[in-house]
Amino acid sequence: MISTILAYVITLAIGILLSLVSFWTLEISGTGLLYLFVNHFFSGALIPLFFFPNWLRSLAELLPFQTQAFLPLSIYFGTLQGDDALRALGIEVLWCVVLWAAAVVVFRQAMRRVQIQGG
Amino acid sequence: MTGLAPAMAQIARMDIQNIFAYRLNFGLHLLGRLLQIYLLKVVWTSVYAGRSEIDGVMLSGLIAYVTLANLQTWFIYPEALDVLPNRVRTGAIALDLARPLGLLAQIVARSIGRTIGAFAMVAAALPLVALLGSLEPPASLEAGCCT
């Protein structure tokens, strides 16, 4: 449950970060599509990460997407227990902090770009 | 801070209402995800080719994993990705910025509302989910820790 809530917080931060790009580019449908594919694959929703070849799994573990499905469900199904489960939660907390800090910084930059005329 | 939570709750409630107002559209989104789960079940069953286990991974467990993973990634989908760029493009962002509640808090509230609405839809569709995919209780429940 905690892991799923953390997954939600991470997903929200990623969503905000990507959507803030629209303050610079106006159109982000391409970025959104890329995100959906990369996220779906590296979250382990299509293929669990334990079936990935070693090099691809190492890459997946460097990215935040595994926190959105693979880690919470590994805890849910008992594949990760004890210290391993705690380590997984630690990874999620770390990504929460990093991504939310980034989201706040980018949000402030985006607000500097806003110009509203008329009204 | 005291005014933040009620305002966020109100915005979240609006988004929940929005989901139920457009329930057919949202239901079709969910149906699309359930179809994907079913197709993944077919593909993985074919990959296992009659075996019940590969590398210590049971087919039944794998299908339950794929079902829950796809439902989870669906209901935690960040709504901001669709809403915010559209509001920036159309200029409606000016209205959001004029509200007393900060834009970031509004985005968070809307996302929470969307997730609660999506969760309710998934809960209503659980029999169909079980039919198309597979559901298993958490390991902690099976181990008897919470009974």
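Below, chains carry the letters A, B, ... as their sequence lines are ordered, and counting in each starts from 1.
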Is there a continuous path of hydrophobic side-chain contacts, each under 4.5 Å between heavy atoms, that joins [X] to [Y]?
X	Y	answer
A:L73	A:F50	yes
B:L95	B:L103	no
A:F37	A:L63	yes
A:V105	A:I16	no
A:F107	A:L26	yes

Side chains of [X] and [Y]: closer than 4.5 Å at any heavy-atom pair?
X	Y	result
B:W44	A:L46	no
A:F51	B:L62	yes
A:F23	B:I93	yes
A:I28	B:L84	no

How about [atom1] on [X], more than 12 heavy atoms from neighbouring residues, nucleotides or ligands closer than 6.0 Å, or not?
X	atom1	value
A:L36	CG	yes
B:R89	CZ	yes
B:Y22	OH	no
A:R108	CZ	no
B:Y38	OH	no

*Using non-hydrogen atoms and a 4.5 Å limit, figure out which bit of A:I47 sits close to chain B: side chain, backbone, both or neither.*
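Both the backbone and the side chain of A:I47 come within 4.5 Å of chain B.
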*Portion of A:A103 that has a non-hydrogen atom of chain B nearer than 4.5 angstrom*: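 Contact with chain B is absent: no heavy atom of A:A103 under 4.5 Å.
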_CG-CZ distance between A:L12 and B:R110, expressed to the nearest 0.5 angstrom_ =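 Between atom CG of A:L12 and atom CZ of B:R110 there are 12.5 Å.
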_For residues 67-83 of chain B, give me every residue with a non-hydrogen atom less than 4.5 Å from any non-hydrogen atom of chain A._
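Heavy-atom contacts from residues 67-83 of chain B to chain A are B:L68, B:A69, B:N70, B:Q72, B:T73, B:I76, B:Y77, B:P78, B:A80, B:L81.
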*asked:* With a 4.5 angstrom heavy-atom cut-off, is it the side chain or the backbone of B:A64 that approaches chain A, or both, or neither?
replied: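 For B:A64, the contact with chain A is made by backbone and side chain together.
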_When A:G44, A:A45, A:A13 are compared by non-hydrogen pairs under 4.5 Å with chain B, the top option_ =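 Most heavy-atom pairs within the cutoff with chain B belong to A:A45.
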*Would you call the rings of A:F70 and B:Y65 parallel, tilted or perpendicular, where under 30° means parallel and over 60° means perpendicular?*
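Perpendicular: the ring planes of A:F70 and B:Y65 meet at over 60°.
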*Looking at B:I107, B:V43, B:I54, B:V57, which one has more heavy-atom pairs under 4.5 Å with chain A than the rest?*
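The candidate making the most pairs under 4.5 Å is B:V57.
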